[in-house]
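The structure under discussion appears below in the form of structure tokens.
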Amino acid sequence: MHFLARFRRRLGPYGFVAPALVVLCGVLLFPLAFSFYMSLFRFSIARPFLGRTFVGLDNYVLALQDAPFLRAIKNTLIITFSSLGIEMIIGTGIAVMLHSKIKFESLYRTILFFPVILSYVVVAVLWRIMMVAEIGLVPYLTGGFAPLSNGLSALLVVILANVWRNIPFVFTVVLAGLKTLPVEPLEAAEIDGAQGLKKFFYIVVPIMKPIFVVVLIMRTMDCLMMFDLVYILTNGGPRGATSTVSTFAVETAFQYFDTGYASALSFIIFFIILIITVLYTKVFKTNVFAK
Amino acid sequence: MKTTNRMVVLLVIAILSLASMTSHAAEIVLNVAMEAGRMADAAQSVVPDFEAKYPHIKVQIVPIPYTQYMQRVTTELASGSGAFDVLESHFLMNAQYIPSGFLYPLDDFIAKYNVDMDDFVISAVAPGTLAGRAAEVSPDGKSVYGLPYNSDVLMMVYRKDLYDRYGLEYPTDWDQAYENMKVLKEKEGIYGYVFSGATHPATHLLADFFTVALNTGGNFPLSPDLKPQMNTPGNLKALELFIKMVEEGIASEGTQEYLYAEKNTVISQGLAAHMSQYMLSAFFAMEDETSSSVAGKIDYKAVPGGNGFCGGWTVSVAATSKYPEEAFLFIEFLTNTENNAKLAIEFGNGPVRRSTILSPEFKEAYPFAEDLLVALDSGQSQYFNAPTLPIWDRIDQIVYTNLAEAIYGNLDAQEALELIDQEVARALRQAGY
């Protein structure tokens, strides 16, 4: 009896989490493991008759020497960190402005929130219609300048479209954080003579650090995995100048059906995201899940 | 009494079973994968007539956007999910699907239902038979895996009103075409030519390039014995022409952004004077008075030099279909003489039957019908030289990437062609050829 009670006490909790673990293994770990297994082969799901050849880590070596893929990594990092920088500055600025009891706050909030309710597909189509050479609004207004025909300006357009779509998300979360700030430290700081920017950077920012970190992590994930915006807006063009790791991997997997190689690319992308996430939590020394 | 009750119960069960069997027979549902837009709409339009003719078969058209079409269909076929009974596909897809055993052979059904294959134009038949060589690679040694559904051949779409205004003659070669483009650029201030230069994806760039190259003495990237052969004087001449057009502003630098549909917009808005474009869809875009400013001012002819570049879509039965014969009945119905004419005239589907193109109704709807037939009969594609090669997607990628680099000034023309041959040779070696 004593043994049974101890057995139940020790193994009981495992029994409760077992179903969740089974589901987790089924939908997350198994595909991950299978994808890694596939990355060790050269084969194509569209050409099964060509067979499967074990190539070990060759696909990974090939990827790290593949100039278009390296360019896609560079583009992804540029898009991610430029977008994040702009979004955080403008988004926080808007949140502070809306928090400072201005007239028609809810009207501004509603108008400014609008872009985030649009899907990336719609955003991409709108921006493409505005930018496309000869027939877009921007080339018309600028006397023929075609932003999508030049690598640098096309990359800038992708960043701007991404920023435009996502600033509302940043300001909404930051505004929610501002509204829940405890008043005591702010009043104490005011009594001590802190005003304006000083109060913001020394009191508000440290208190809201977990919120900023959550926004940064979520937006970083989103940018690193960006696909539909780029795919529709520029299709990775002109000539690969705006291709991202996701568009490159999807193209490899589903246009060229190079399944083994595409699996290796996915793993490399996974590790890039993992490294950046770990770096964030180390740099900000914040456990966003802590009480 | 008890026996009577039992008899009644048994009778009811028998009737219900029979009814269930009958309703089961009436519940044959064919799922048909179609590219969203014109081709799916056209197929949908014949469904009521088909279901009226075969009441026990229901047809569900599944429209899939072009950008996701190949991905979705290939994944479903490779996984053996049986999601689709019928699908439309082009040459590149069939070159992979047929040797993979993804498609159901149609030879026996064609014989059983007396389908007149001779009425189909040759270039439209090619994708479904791998240009007559499917039996060499198909697992069952059969030779027909798709019926022609939509023909695609590039013709010259040009501003006839401007030709008349400046007394220009329709060109017989691309040198003369270039001179005409230059004149119209100078006199009207519009672009002489528009093409698709986008490289992601870029089969349209290949179509535009080879439409010129086939008429400047050029050739496709592979010989029938799989030797790379891009670096030829004819291809160089065509590539230099494209470079010159962009450098001199006869074609805009914006062409590097353009996919298929944007070419139509540039012409229909009166911003350019010529393009090579797939017919008949271009005709619909140009002559739609609600969106085109050049309706009635355009003429359509075989491209200068007369050698057309063709694409084309077939409809096939998936090997995993539980109802291959019913699926065949649908594709046969979709491509029969009556429906081929209806879809071409009402929807702008590329006609696949000679009898359709030569019919008075078609000629009335499309005054360039005879030129179209010539273009379709002479139509070629890069796949025809090596139709059973399953890695054409990789070869195409090498070709269009380097062509674009040269056209937009990052590579010398000669260097680009040499690079294509080297990279194609490497890709063939890697694939074991």
Side-chain angles (χ1 to χ4, degrees), chain A residues 42-51 53 55 58 62 67-68 72 121 124 128-129 131-136 139-140 144-151 153-154 157 227-228 230-243 247-248 250-259 261-262, chain B residues 65 67-75 77-79 92-93 95-102 137-139 190-191 194 197-203 249 252-259 262 265-266 268-269 271-272 390-394 396-397 400-402 404-405 407-408 410 430-432:
Chain A
R42 182 178 301 131
F43 87 105
S44 163
I45 59 162
R47 301 179 279 270
F49 59 95
L50 292 179
T53 317
V55 293
D58 272 11
L62 202 65
V121 174
R128 184 165 176 83
I129 289 171
M131 300 291 167
V132 74
E134 322 302 339
I135 43 187
Y140 175 75
F145 171 63
L148 300 183
S149 291
N150 172 284
S153 54
V157 169
F227 173 71
D228 26 15
V230 174
Y231 191 71
I232 294 166
L233 180 53
T234 64
N235 226 321
R239 285 163 286 120
T242 57
S243 75
T247 57
F248 190 84
V250 168
E251 201 174 79
T252 307
F254 297 113
Q255 191 179 331
Y256 304 120
F257 290 97
D258 204 342
T259 316
Y261 188 50
Chain B
T67 48
Q68 296 157 23
Y69 188 80
M70 195 169 162
Q71 162 187 347
R72 170 91 190 273
V73 170
T74 307
T75 315
L77 292 176
S79 67
L92 191 62
M93 294 164 89
Q96 301 177 48
Y97 294 170
I98 292 172
S100 298
F102 292 166
V137 288
S138 59
I190 60 174
Y191 291 108
V194 59
T199 51
H200 287 74
T203 44
S252 98
E253 287 219 359
T255 48
Q256 64 192 299
E257 296 170 32
Y258 294 156
L259 297 170
E262 280 149 349
T265 311
V266 170
S268 67
Q269 296 311 306
L271 301 170
I391 56 156
W392 266 111
D393 47 2
R394 177 76 189 116
D396 280 354
Q397 185 200 18
Y400 63 63
T401 304
N402 288 296
E405 290 295 338
I407 292 170
Y408 299 106
N410 294 335
Q430 277 172 357

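Here the structure is a predicted model, which is why all the values come from computation and not from measurement.
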**Message:** Using a 3.5 Å distance criterion without hydrogens, assess whether the side chain of B/Tyr258 forms a donor-acceptor pair with backbone atoms of A/Val132.
**Reply:** no
**Request:** Might you point out which heavy atoms bring A/Ser149 and B/Gly254 nearest each other, and give the distance in Å?
**Result:** OG-CA, 3.3 Å
**Prompt:** Any side-chain heavy atom of A/Asn235 within less than 4.5 Å of one from B/Leu259?
**Reply:** yes
**Prompt:** What option among B/Gln397, B/Glu257, B/Met70, B/Glu262 has the most heavy-atom pairs under 4.5 Å with chain A?
**Reply:** B/Glu257
**Request:** Just give me the residue among B/Gly101, B/Ala404, B/Pro99 that pairs up with chain A most often, heavy atom to heavy atom, under 4.5 Å.
**Result:** B/Pro99
**Request:** Under 4.5 Å heavy-atom distance to chain B, tell me which part of A/Ile232 shows up: side chain, backbone, both or neither.
**Result:** neither
**Complete:** CD1 of A/Ile45 to OG1 of B/Thr74, rounded to nearest 0.5 Å, is 7.0 Å
**Request:** Please round to the nearest 0.5 Å and tell me the distance separating atom CG of A/Leu62 and atom CD of B/Gln430.
**Result:** 7.5 Å
**Request:** Search all heavy atoms of B/Pro390 against all heavy atoms of A/Phe49 and return the closest pair with its distance.
**Result:** CB-CZ, 3.5 Å
**Fill in**
Highest number of heavy-atom pairs under 4.5 Å with chain A among B/Arg394, B/Glu253, B/Gln68, B/Glu405 belongs to B/Glu405
**Asked** Which answer fits B/Asp396, side chain, backbone, both or neither, if we ask what part of it has an atom under 4.5 Å from a heavy atom of chain A?
**Response** neither
**Prompt:** If you measure from CZ on B/Arg72 to CZ on A/Phe254, what distance do you get to the nearest 0.5 Å?
**Reply:** 12.0 Å
